[in-house]
Student: 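There's a structure below that I have some questions on.
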Amino acid sequence: MTHGEIRLEDGWREKLSPEFESAYMAELRSFLLAEKRAGQTVFPKGTEYFRALDLTPLDQVRVVILGQDPYHGPGQAHGLCFSVQPGVRVPPSLVNIYKELATDVGFQKVNHGFLEHWSRQGVLLLNSVLTVRQAAAASHRGKGWENFTDAVIRVVNEECPHVVFMLWGAYAQKKRPSSIGPATWC
């Protein structure tokens with residue numbers, strides 16, 4: 001996970017570049033390498049750690065949906081919170097989200113959990129922690145990702161007027177900063 005190898009949309013790269021040079025990111029890189037050397041399976045795959053940012057350009061962000069960490073089962077996580085690859089059973093958390101959306105805004109039920117099209121419409125599907133060990137929810141909590149996603153939230157708040165943040169789950173709700181500006185928090 002060196003800065004030059006990261007697939008990241010240019011607007012995000014410009015604003016987040018200092019984060020990739022930070023001490024916490026160096027520690028996070030070391031942690032992830034140690035996980036892999038120890039034979040641990042980490043989700044999502046390395047090329048997808050920043051997929052949410054790559055698919056949703058900074059200047060197009062309208063909504064931020066913030067989750068806890070990636071799904072920790074094989075074939076599920078692919079860099080977008082609450083989303084799973086085509087053909088993977090819709091996880092219970094996403095079923096509940098679909099129900100809430102149906103109740104609140106008349107969302108029409110779908111039979112898949114692939115949310116990439118949301119990303120392409122300005123919905124940043126971001127987890128608070130961007131990686132997880134297989135079969136071990138919250139296993140990468142406290143390793144540095146929270147610093148990075150705090151920076152993402154700051155950038156969105158500074159650069160994207162009228163953004164709505166939806167914090168789904170108790171852990172994600174802890175990310176709500178009391179001192180950050182004009183965003184709407186749900």
Student: According to side-chain hydrogen bond (donor to acceptor under 3.5 Å, both in side chains), who are the partners of K15, at least two apart in sequence or on a separate chain?
Tutor: E159
Student: Determine whether Y24 and F148 satisfy the following criterion, ring-ring contact (aromatic ring centres under 6.0 Å, His included), listing intermediate values before the conclusion.
Tutor: CA-CA 9 Å; Y24 81 81; F148 182 79; 7.3 Å; no
Student: Using the rule given for ring-ring contact (aromatic ring centres under 6.0 Å, His included), can you reason through H78 versus F43, listing the C-alpha separation, both sets of side-chain angles and the distance that settles it, and then say yes or no?
Tutor: CA-CA 8 Å; H78 64 107; F43 296 128; over 10 Å; no
Student: Can you tell me which residue pairs pass the salt bridge (Lys or Arg N to Asp or Glu O under 4.0 Å) test with a partner in residues 68-90, sequence neighbours excluded?
Tutor: none
Student: So, the side chain of S30 versus the backbone of A26: is there a donor-acceptor pair under 3.5 Å, distance only?
Tutor: yes
Student: Do any N or O atoms from the side chain of T149 and from the backbone of V152 form a donor-acceptor pair under 3.5 angstrom?
Tutor: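 Pair absent, no side-chain N/O of T149 close to backbone of V152.
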Student: Can you list every pair that meets ring pair (Phe, Tyr, Trp, His ring centres under 6.0 Å) and has a residue in residues 57-77, with sequence neighbours left out?
Tutor: none
Student: Give, for atom CD1 of I65 and atom CG of L115, the distance between the pair rounded to the nearest 0.5 Å.
Tutor: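 Atom-to-atom, I65:CD1 and L115:CG are 7.5 Å apart.
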Student: When you measure from the side chain of Q76 to the backbone N and O of V88, does any donor-acceptor pair fall under 3.5 Å?
Tutor: no
Student: Going by heavy atoms in the side chains, are K109 and Y98 under 4.5 Å from each other?
Tutor: no
Student: In terms of side-chain heavy atoms, does T131 have a donor or acceptor partner in W145 at a distance below 3.5 Å?
Tutor: yes
Student: Just jot down the side-chain contact (heavy atoms from CB on, under 4.5 Å) partners of V61, sequence neighbours excluded, or say none.
Tutor: W12, T56, V64, L124, V156, C160, V163
Student: Could you tell me which residues satisfy side-chain hydrogen bond (donor to acceptor under 3.5 Å, both in side chains) with E35, sequence neighbours excluded, listed by chain and number?
Tutor: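 Applying side-chain hydrogen bond (donor to acceptor under 3.5 Å, both in side chains) to E35 gives R133, H140.
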Student: Taking L80's backbone N and O only, do any of them form a donor-acceptor pair with S83's side chain (distance below 3.5 Å, no angle check)?
Tutor: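 No, because the side chain of S83 does not come within donor-acceptor range (under 3.5 Å) of the backbone of L80.
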Student: Got a sec, which residues hit side-chain hydrogen bond (donor to acceptor under 3.5 Å, both in side chains) with K36, two or more places apart in sequence or on another chain?
Tutor: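 Partners of K36 under the side-chain hydrogen bond (donor to acceptor under 3.5 Å, both in side chains) test: Y49.
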Student: Between R51 and E116, does the salt bridge (charged side-chain N to carboxylate O under 4.0 Å, His left out) criterion hold? Intermediate values first, please.
Tutor: CA-CA 10 Å; R51 191 150 189 260; E116 187 173 296; 2.4 Å; yes
